[in-house]
*Asks:* 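Below is a structure I'd like to ask you about.
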Amino acid sequence: MTLRTRLGVAALLVVGVLVAVGALLPRTVRDSEIEQVDRQLAASLPVAVAFSSGAAPPADALRGTPPRVTPAFSQVYVARITNGKREIVARPQVTGEREPQLPAISVSTRQNRPSPTTVRSLQGAGSWRAVLFDVPSGDRVLVAVSLDSVDETARRMMSAVALAGLAVLLAMGLAGWWLLRLGLRPIADVTAVADAIAQGNRTRRVREGASGTEAAHLARAFNVMLDEQQATEERLRQFVADASHELRTPVTAIGGFADLWRQGALEPEQINEVMRRVGQESGRMRGLVEDLMLLARLDEGQRAQTSPVDLTAIAADAVLDASATHPSRVIEVDTPGPVVVPGVEDELRQVVANLLTNALVHAGPAAAVAIGIERRDDIAVLSVVDDGPGMSADQAARAFDRFWRAEAGRPGYGSGLGLAIVRGIVQAHGGTVELTSEPGAGTTVRVILPLAGMTGRTGS
């Protein structure tokens, strides 16, 4: 059910309640006033009978009658009817020349239980509560009280109810318009922007409107979602372009060697060298594909089974491997003994290996490299430090971007995925990575991981 439909149903219910109140309240007030008039008639009957017979009213005629129900006799119409002729005994001044019609015989003096009925005037407008009864002389006595004041009260009540109903309906209309304006316009704006984006216009955004309102919060959240989606799509496009560029080189090389072989352009003594190069390029392509698959798994949040891992042992193995590939380099090691963290051992080994490789390759052959591990309260901090040329602030800010390389124009500097993989693995382990670097002052990378039994808490 739409908001407009709900508001329409609510409006119909309120209108129904107003109509019911408008119909019942004046009727209830009128019935109460008529009941009051009937009590006045009952209290007036002994006096009316005495006046109609020309005698004084009995001394106890009004004894015990509450004053509030005993009317001034000038408000009561009394007539004696003899042989069909009406002799007016008392006439209310407020009614002028109007007289009530004759009701049916409704009471006897012996019963003293009046049963008034409502009758119209013989001439003109207005109505009466009247009682017609027989007296011992054989005549009839008509006693009536005008309902002009009752009708006036009922009219005022109906006017008040009508005005109140109109005021409520007007307030409801204004509230409904205001609610629709604030409640539906943002939805319409969001729908229009969503339709425009679906048609290819990715620059459209929702107007936020007045600050502090739910509509503004909705528009802001929707715009933030669109901005993040657009940024994600741009990163994805850049990632695909960079991956295609990185894969193009080994694919082109392998394809070229294959073409030379099919064309018979290779000398027999060149076959071994060509196959070596094919294997080298295929290995490079395989490594790049494996890195991309690892990043994809990390992005999807896929995790392997964790177990206690000793960072000290991993660092020692990484230093031994680095010494084999860079025998002329000296790597300083500072470890306090076993430092155990929960994690995936193969992934943490890749973290340390990538950091050491980056430091050895990018710092230059003369730069010193050091790796250290320390325990701080409930975290473990692994640091890889070099005293190479360092990076500028802009370069340091982009160091963890995928396929980004500070020496992009120089060959042999990898694919630019090393630090991106480090950050992805560390974040998957509930940790953080920090990089500080200045031109001429070297580079320091710190990996902060929670210790075993302290997962979910990291800090520096």
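Quick caveat, the model's predicted, so the values are computed rather than measured. All heavy atoms count here, side chains included; hydrogens, waters and symmetry mates do not.
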*Asks:* Would you compute the distance between atom CG of Leu360 and atom NE2 of His326 and round it to the nearest 0.5 angstrom?
*Replies:* 5.0 Å

*Asks:* Going from CE on Met158 to CG on Leu163, what distance comes out if it is rounded to the nearest 0.5 angstrom?
*Replies:*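 It is 11.5 Å, given to the nearest 0.5 Å.
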
*Asks:* Val351 versus Ile421: any side-chain heavy-atom pair under 4.5 Å?
*Replies:*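 Not touching, per the 4.5 Å side-chain cut-off.
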
*Asks:* Minimum heavy-atom separation for Ile271 and Trp261, please, with both atom names.
*Replies:* CD1-CD1, 4.2 Å

*Asks:* Short question: side chain of His429, backbone of Leu348 - any donor-acceptor pair under 3.5 Å?
*Replies:*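 No.
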
*Asks:* Kindly write out the residues that satisfy side chain to side chain donor-acceptor pair (under 3.5 Å) with Thr118, not counting sequence neighbours, or none if the list is empty.
*Replies:*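 Partners of Thr118 under the side chain to side chain donor-acceptor pair (under 3.5 Å) test: Arg129.
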
*Asks:* Taking all non-hydrogen atoms of both residues into account, name the closest pair between Ala380 and Val341 and its distance.
*Replies:* CB-CG1, 3.9 Å

*Asks:* Donor-acceptor check, side chain of Asp310 to backbone of Pro338, threshold 3.5 angstrom: yes or no?
*Replies:* no

*Asks:* Any chance you could lay out the side-chain contact (heavy atoms from CB on, under 4.5 Å) test for Val333 and Ile373, step after step, and finish with the verdict?
*Replies:* CA-CA 9 Å; Val333 180; Ile373 300 175; over 6 Å; no

*Asks:* Return the set of residues passing salt bridge (Lys or Arg N to Asp or Glu O under 4.0 Å) with Asp195 (not counting sequence neighbours), or none when no residue passes.
*Replies:* none

*Asks:* Tell me, please, which residues at least two apart from Glu35 pass side-chain contact (heavy atoms from CB on, under 4.5 Å).
*Replies:*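 Testing Glu35 for side-chain contact (heavy atoms from CB on, under 4.5 Å), a comparison that skips the adjacent residues, returns Arg39.
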
*Asks:* For Leu226 and Arg204, work out which heavy atoms get closest and say how close.
*Replies:* CD1-O, 3.9 Å

*Asks:* Are the side chains of Val426 and Arg423 in contact, using a 4.5 Å heavy-atom criterion?
*Replies:* no

*Asks:* Does any part of the side chain of Ile379, heavy atoms only, come nearer than 4.5 Å to the side chain of Leu451, both counted from C-beta?
*Replies:* no

*Asks:* Taking only residues two or more places apart in sequence or in another chain, which ones pass salt bridge (Lys or Arg N to Asp or Glu O under 4.0 Å) with Arg237?
*Replies:* none

*Asks:* If you round to the nearest 0.5 Å, how far is CH2 of Trp128 from CG of Leu147?
*Replies:*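 It is 9.0 Å, given to the nearest 0.5 Å.
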
*Asks:* Identify, with sequence neighbours excluded, every residue that meets side chain to side chain donor-acceptor pair (under 3.5 Å) alongside Asn201.
*Replies:*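 Residues passing side chain to side chain donor-acceptor pair (under 3.5 Å) with Asn201: Thr203.
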
*Asks:* Would you name the heavy atoms of Val381 and Ser383 that are closest together and state the gap between them?
*Replies:*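 So the two residues come closest at CG1-OG, 3.9 Å.
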
*Asks:* If you round to the nearest 0.5 Å, how far is CZ of Arg98 from OG of Ser127?
*Replies:* 8.5 Å

*Asks:* Which side chain to side chain donor-acceptor pair (under 3.5 Å) pairs, counting each pair once, include a residue from residues 437-447, with sequence neighbours left out?
*Replies:* Ser437-Thr443

*Asks:* Pair up each side-chain donor or acceptor in residues 312-324 with any protein partner under 3.5 Å, not counting sequence neighbours, and list the distances.
*Replies:*
| from | atom 1 | to | atom 2 | distance (Å) |
| --- | --- | --- | --- | --- |
| Thr312 | OG1 | Gly337 | O | 2.5 |
| Asp317 | OD2 | Arg349 | NH1 | 2.9 |
| Asp317 | OD2 | Arg349 | NH2 | 3.0 |
| Ser323 | OG | Val319 | O | 2.9 |

*Asks:* To the nearest 0.5 Å, tell me how far Leu417 CG sits from Leu288 CG.
*Replies:*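 These two atoms lie 6.0 Å from each other.
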
*Asks:* Show the nearest heavy-atom pair for residues Pro450 and Pro342, with the distance to one decimal.
*Replies:*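 What the structure gives for the nearest pair is O-CD, 3.4 Å.
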
*Asks:* To the closest 0.5 Å, what do you measure between OG1 (Thr357) and CD (Gln350)?
*Replies:*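 Thr357 OG1 to Gln350 CD: 10.0 Å, rounded to 0.5 Å.
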
*Asks:* With side chain to side chain donor-acceptor pair (under 3.5 Å) as the rule and sequence neighbours excluded, what pairs involving residues 262-279 come up?
*Replies:*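 Qualifying pairs: Asp259-Arg262, Glu273-Arg276, Arg277-Gln280, Arg277-Glu281.
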
*Asks:* Do the non-hydrogen side-chain atoms of Asp334 and Glu374 ever get within less than 4.5 Å of each other?
*Replies:*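 No, every pair of side-chain atoms sits at 4.5 Å or beyond.
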
*Asks:* Are a donor atom and an acceptor atom from the side chains of Ser146 and Asp148 found within less than 3.5 Å of each other?
*Replies:*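 There is such a pair (donor and acceptor under 3.5 Å, judged by atom type) between the side chains of Ser146 and Asp148.
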
*Asks:* How close do Met157 and Val29 get, heavy atom to heavy atom, and via which atoms?
*Replies:*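 Minimum heavy-atom separation between Met157 and Val29: CE-CG2, 3.8 Å.
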
*Asks:* Restricting to salt bridge (Lys or Arg N to Asp or Glu O under 4.0 Å), what partner residues turn up for Asp387, sequence neighbours left out?
*Replies:* none

*Asks:* Determine, stepwise, if the pair Val145 / Asp38 fulfils side-chain contact (heavy atoms from CB on, under 4.5 Å).
*Replies:* CA-CA 9 Å; Val145 176; Asp38 289 347; over 6 Å; no

*Asks:* May I ask you to test the Asn358-Val445 pair for a side-chain heavy-atom distance under 4.5 Å?
*Replies:* no

*Asks:* I would like to know whether Leu355 and Val422 meet side-chain contact (heavy atoms from CB on, under 4.5 Å); could you show each step before the answer?
*Replies:* CA-CA 8 Å; Leu355 293 178; Val422 168; 4.1 Å; yes

*Asks:* Check side-chain contact (heavy atoms from CB on, under 4.5 Å) between Met225 and all other residues, then give those that pass, not counting sequence neighbours.
*Replies:* Phe222

*Asks:* Has the side chain of Ser282 got a donor or acceptor atom that lies under 3.5 Å from a matching backbone atom of Gly279?
*Replies:*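 Indeed, once roles are kept as given, a pair shorter than 3.5 Å links the two residues.
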
*Asks:* Does any part of the side chain of Val369, heavy atoms only, come nearer than 4.5 Å to the side chain of Leu356, both counted from C-beta?
*Replies:* yes

*Asks:* Donor-acceptor pair, distance only, cut-off 3.5 Å: does the side chain of Thr232 make one with the backbone of Glu228?
*Replies:*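 Looks like yes, one N/O pair under 3.5 Å.
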
*Asks:* Only counting residues at least two apart or in another chain, list the ones meeting salt bridge (Lys or Arg N to Asp or Glu O under 4.0 Å) with Arg375.
*Replies:* none

*Asks:* Do side-chain atoms of Asn223 reach the backbone of Arg205 as a donor and acceptor pair under 3.5 angstrom?
*Replies:* no

*Asks:* Would you say that more than 12 heavy atoms from the other residues, nucleotides or ligands in this model lie under 6.0 Å from the CE of Met285, or not?
*Replies:*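 Buried by this count: over 12 neighbours within 6.0 Å.
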
*Asks:* Answer whether the closest heavy-atom distance between the side chains of Asn354 and Leu419 falls below 4.5 Å.
*Replies:*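 Answer no - side chains too far apart.
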
*Asks:* A side-chain contact here means heavy atoms from C-beta on lying under 4.5 Å apart; do Glu332 and Ile371 qualify?
*Replies:*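 When only atoms from C-beta onward are counted, Ile371 and Glu332 do not touch, as no gap falls below 4.5 Å.
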
*Asks:* Enumerate the residue pairs fulfilling salt bridge (charged side-chain N to carboxylate O under 4.0 Å, His left out) with a member in residues 153-166, sequence neighbours excluded, ordered by first and then second residue.
*Replies:* Glu152-Arg155, Glu152-Arg156

